Amino acid sequence: GNSVTQMEGPVTLSEEAFLTINCTYTATGYPSLFWYVQYPGEGLQLLLKATKADDKGSNKGFEATYRKETTSFHLEKGSVQVSDSAVYFCALSLNYGGSQGNLIFGKGTKLSVKP
Amino acid sequence: DGGITQSPKYLFRKEGQNVTLSCEQNLNHDAMYWYRQDPGQGLRLIYYSQIVNDFQKGDIAEGYSVSREKKESFPLTVTSAQKNPTAFYLCASGTRNSPLHFGNGTRLTVT
């Protein structure tokens, strides 16, 4: 079946450290891939997306590249800030070009950044 | 400002009672969704609606019901048949080729 696996947290880093959160997927067909972020007490916000192989999504210093050969979409940031502390969700959608609501989510990775 | 409003933020109910969670959007989105979030479980799709007066079951629809009488509104009822209703519930809306917009969620506690 279709699924998303992301590294378990929590991840604790010092400010300005390099961040990697691993995400791999299993899907039939050609999924679109997403990273969402959830700040404490809030809903989810789209952080970045990629809709085909080798696409790189980027936003707010975060990047992720759609790697079809390794079925991965790892999230990276070169220098994290305390304000990046949140839960990060990797997700896929098989409705390319259609509604993105039928998303399949990973379990989330909690990131804590210490000053 | 356009957005999705979920109310209330916190909700407490006794076991055996039905409870309805509100979700309203003024984004003019056709599609609306309900997700359930549990610690360590990620998000799971309960119900979704692509158009007014139509909706489909998601992965964990048992014990839940919805209606979509207006484009702006997609209320979720948690019935007494839901075995484990305590959770954080998220509503979302979207259109073709656009990212989902999420509300800020309702935390339901059933005792």
Side-chain angles (χ1 to χ4, degrees), chain A residues 1-11 21 23-26 31-52 55 57-60 62 64 86-110, chain B residues 2-10 21-25 27 29-51 54-61 66 68 74 87-107:
Chain A
N2 304 308
S3 65
V4 174
T5 303
Q6 58 182 108
M7 63 188 287
E8 290 190 21
V11 174
I21 300 178
C23 172
T24 57
Y25 67 90
T26 302
S32 296
L33 301 173
F34 308 85
W35 277 100
Y36 279 83
V37 58
Q38 184 179 33
Y39 298 103
E42 297 183 9
L44 276 67
Q45 302 172 28
L46 179 66
L47 182 59
L48 53 84
K49 68 176 183 178
T51 56
K52 61 183 188 298
D55 268 2
S58 61
N59 185 25
K60 300 180 183 180
F62 291 89
V87 181
Y88 292 82
F89 291 92
C90 185
L92 70 82
S93 168
L94 289 166
N95 298 330
Y96 176 67
S99 170
Q100 299 174 1
N102 293 16
L103 290 167
I104 297 169
F105 286 89
K107 293 185 177 182
T109 302
K110 184 175 181 180
Chain B
I4 299 180
T5 302
Q6 289 188 243
S7 60
K9 189 172 178 68
Y10 298 96
L21 282 59
S22 169
C23 178
E24 303 280 330
Q25 55 103 355
L27 299 166
H29 287 168
D30 287 318
M32 297 187 74
Y33 308 83
W34 275 105
Y35 287 89
R36 171 181 170 137
Q37 184 178 14
D38 296 284
Q41 292 284 329
L43 278 73
R44 293 179 289 172
L45 183 64
I46 304 172
Y47 266 100
Y48 64 101
S49 168
Q50 303 276 29
I51 196 169
D54 188 44
F55 48 83
Q56 281 79 42
K57 293 181 179 180
D59 299 320
I60 55 164
V66 294
R68 186 86 187 277
F74 192 42
F88 189 52
Y89 291 88
L90 285 163
C91 180
S93 71
T95 63
R96 293 177 75 85
N97 299 319
S98 72
L100 283 189
H101 289 251
F102 280 84
N104 282 339
T106 292
R107 187 165 298 281

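Worth saying up front: this structure is predicted, and the values here are computed from it rather than measured. The sequence lines fix the lettering, A, B, ..., with proteins before strands; numbering per chain opens at 1.
For Gln6(B), no part lies near chain A; criterion is any non-hydrogen pair under 4.5 Å. When heavy atoms are compared at a cutoff of 4.5 Å, Gln6(A) does not approach chain B at all. Within the 4.5 angstrom heavy-atom criterion, only side-chain atoms of Leu90(B), from C-beta onward, approach chain A.
Asp55(A) is linked by a side chain to side chain contact (heavy atoms under 4.5 Å, CB included) to Ala50(A), Thr51(A), Lys52(A), counting only residues two or more places apart in sequence or in another chain. Remark: Gln41(B) engages no residue in a side chain to side chain donor-acceptor pair (under 3.5 Å) (not counting sequence neighbours).
Ile4(B) places a side-chain heavy atom less than 4.5 Å from the side chain of Leu27(B). In this structure, Phe62(A) and Val37(A) have side chains that are not in contact, with every pair of non-hydrogen atoms separated by 4.5 Å or more.
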